[in-house]
Asks: 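Structure below; questions to follow.
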Amino acid sequence: ALHILPLRMWEGFAKSSFMSRKWNGALVFLALVLTPIGRADEPRGFQPDPKKLWLGIEDHSGQPMNWESTWKNEKGKQIYLKDAFSHLRPTLFSLIYFGCPSTCTLAVQNLAAALRRLDWLPGRDFNVVLASIDPTEETELAADKKVSILQLYGKPETEAGWTLLTSDQRQIDTLTQGLGYGYSWDPKERQYEHAAGIFVINRNRLLTRLLLGTGPSARDIKFALLEASGGELGTPWDQFRLSAYEYNAPEGAYLLKPP
């Protein structure tokens with residue numbers, strides 16, 4: 001399934017089922033997702049596609065992915081992306097932009113708020129990996145961003161469960177093209193435009209779910225982690241609740257099963 005966020009079709013998109021979901025600020029979310037993200041300098045090597053009229057994320061859930069690209073973590077250590085994903089627990093993985101003042105900041109704030117509602121912890125029950133799509137961002141910025149995220153989350157003892165990554169354009173392209181993640185640089189506005197979502201990866205490094213938007217609910221994150229853990233997380237009650245829902249790929253969320 002291809003999840004498309006049209007850049008020039010506000011009216012049609014506003015009538016879609018996506019806009020009826022979740023929270024009262026959905027219109028704010030739509031504006032932020034479709035609003036270009038500012039930055040100061042043009043990324044090195046980025047070749048925007050002037051014919052691209054949409055940005056989106058292809059759903060590759062259940063398919064093997066190429067995690068062989070190389071990145072630097074917030075400590076400056078170069079690693080293969082696959083090594084950022086634990087073989088012991090599932091991972092929440094998102095492509096963002098550490099210097100972003102709008103959409104990515106909102107996404108991180110919403111993620112931290114959702115995770116605070118769970119009784120599971122990063123580094124113990126699951127991991128969180130955030131990778132930058134901006135090749136000009138460096139390790140120092142990733143380290144600073146991690147500090148601010150931990151302050152926002154309010155649980156500094158989970159530091160080991162969070163990994164923030166930066167890389168060059170070639171490695172970013174390898175990852176984004178493999179994931180079917182659409183983003184674009186607007187040379188006139190000197191801004192990024194991109195989709196938003198969380199990729200859920202199991203301990204075998206298989207992409208199991210895609211949660212769309214800047215604010216997946218704590219419930220949806222919990223359900224996705226339950227499935228990715230193979231039943232190792234959660235209680236019988238959690239499994240019972242999950243049985244009443246089903247994952248809806250076009251929505252990128254869990255919906256109640258029809259009666």
Side-chain angles (χ1 to χ4, degrees), residues 2-5 7 29 32-50 52 54-60 65-74 78-82 84-85 91-111 128-146 148-149 162-201 207 210-214 216 252:
L2 175 61
H3 303 289
I4 297 174
L5 299 179
L7 296 180
F29 154 68
L32 286 170
V33 168
L34 300 184
T35 298
I37 302 169
R39 48 161 291 104
D41 304 309
E42 184 172 356
R44 296 185 295 271
F46 191 90
Q47 298 297 322
D49 181 0
K52 183 177 287 186
W54 58 265
L55 304 172
I57 307 177
E58 297 175 3
D59 187 356
H60 292 299
M65 303 300 298
N66 178 10
W67 307 120
E68 297 297 327
S69 55
T70 56
W71 297 70
K72 284 186 178 180
N73 65 18
E74 73 281 354
Q78 185 164 305
I79 62 172
Y80 285 108
L81 181 58
K82 65 181 181 180
F85 304 147
T91 298
L92 301 176
F93 177 56
S94 188
L95 291 163
I96 63 169
Y97 160 33
F98 302 143
C100 167
S102 54
T103 304
C104 302
T105 298
L106 177 63
V108 169
Q109 290 173 343
N110 288 339
L111 175 61
V128 181
V129 177
L130 307 175
S132 172
I133 60 173
D134 184 345
T136 69
E137 294 189 331
E138 303 287 349
T139 297
E140 292 78 10
L141 180 58
D144 291 342
K145 187 68 173 180
K146 182 172 182 176
S148 67
I149 290 174
W162 298 77
T163 301
L164 276 66
L165 302 172
T166 57
S167 195
D168 59 40
Q169 190 65 60
R170 181 179 177 183
Q171 304 301 317
I172 293 171
D173 287 346
T174 297
L175 175 61
T176 56
Q177 291 169 12
L179 283 174
Y181 178 90
Y183 76 110
S184 183
W185 169 261
D186 186 333
K188 182 178 179 180
E189 299 296 331
R190 305 183 66 80
Q191 295 174 338
Y192 277 116
E193 299 168 333
H194 69 88
I198 297 175
F199 301 93
V200 185
I201 300 163
L207 177 60
L210 169 60
L211 303 178
L212 288 175
T214 59

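Note that these values count all heavy atoms, side chains included, but never hydrogens, waters or copies made by symmetry.
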Asks: Does Lys72 have any side-chain hydrogen bond (donor to acceptor under 3.5 Å, both in side chains) partners at least two apart in sequence or in another chain, and if so, which?
Replies: none

Asks: Do side-chain atoms of Thr91 reach the backbone of Phe93 as a donor and acceptor pair under 3.5 angstrom?
Replies: no

Asks: Would you check, one step at a time, whether the test side-chain contact (heavy atoms from CB on, under 4.5 Å) holds for Leu92 with Val200?
Replies: CA-CA 5 Å; Leu92 301 176; Val200 185; 4.0 Å; yes

Asks: Quick one: are Leu95 and Leu179 in side-chain contact, heavy atoms under 4.5 Å?
Replies: yes

Asks: Under 4.5 Å between any side-chain heavy atoms of Ile133 and Tyr181, yes or no?
Replies: yes

Asks: Measure across Ile198 and Pro216 and return the closest heavy-atom pair with its distance rounded to 0.1 Å.
Replies: CD1-CG, 4.0 Å

Asks: For Gly99 and Leu141, work out which heavy atoms get closest and say how close.
Replies: N-CD2, 4.1 Å

Asks: Please confirm whether the backbone N or O of Thr70 pairs with a side-chain atom of Gln78, one donor and one acceptor, at under 3.5 Å?
Replies: no

Asks: Rounded to the nearest 0.5 Å, what separation is found between the NZ atom of Lys82 and the CH2 atom of Trp67?
Replies: 12.5 Å

Asks: Can you give me the closest heavy-atom contact between Ser94 and Gly197, atom names plus distance?
Replies: OG-O, 3.0 Å

Asks: Mind checking the CD1-CG spacing from Ile172 to Leu165? Nearest 0.5 Å is all I need.
Replies: 10.5 Å

Asks: Test of understanding: with side-chain contact (heavy atoms from CB on, under 4.5 Å), list the residues that count as partners of Ser69, not counting sequence neighbours.
Replies: Trp71, Leu81, Gln171, Thr174, Leu175

Asks: Does Asp59 form a side-chain contact (heavy atoms from CB on, under 4.5 Å) with Leu212? I'd like the steps, not just the answer.
Replies: CA-CA 10 Å; Asp59 187 356; Leu212 288 175; over 6 Å; no

Asks: Decide yes or no for Glu138 and Thr166: does some side-chain heavy atom of the first lie under 4.5 Å from some side-chain heavy atom of the second?
Replies: no

Asks: With distance as the sole test, does Asn110 use its side chain to make a donor-acceptor pair with the main-chain N or O of Thr214 at under 3.5 Å?
Replies: yes

Asks: Please report the shortest heavy-atom distance between Cys104 and Cys100, naming the atom on each side.
Replies: N-SG, 3.2 Å

Asks: Less than 4.5 Å apart, side chain to side chain, heavy atoms only: is that true for Leu164 and Asn73?
Replies: no

Asks: What distance separates His194 NE2 from Thr176 OG1, expressed to the nearest 0.5 Å?
Replies: 12.5 Å

Asks: With a 3.5 Å distance limit and no angle check, can you tell me whether Glu137 reaches the backbone of Phe98 through a side-chain donor-acceptor pair?
Replies: yes

Asks: Quick check for you: to the nearest 0.5 Å, what is the distance between Thr105 atom OG1 and Ile149 atom CD1?
Replies: 9.5 Å

Asks: Taking side-chain hydrogen bond (donor to acceptor under 3.5 Å, both in side chains) as the test, write out the residues that go with Thr163, two or more places apart.
Replies: none

Asks: Measure across Glu74 and Ala143 and return the closest heavy-atom pair with its distance rounded to 0.1 Å.
Replies: O-CB, 3.6 Å

Asks: Could you pull out the closest heavy-atom pair between Gln169 and Pro135, with the gap in Å?
Replies: OE1-CG, 3.1 Å

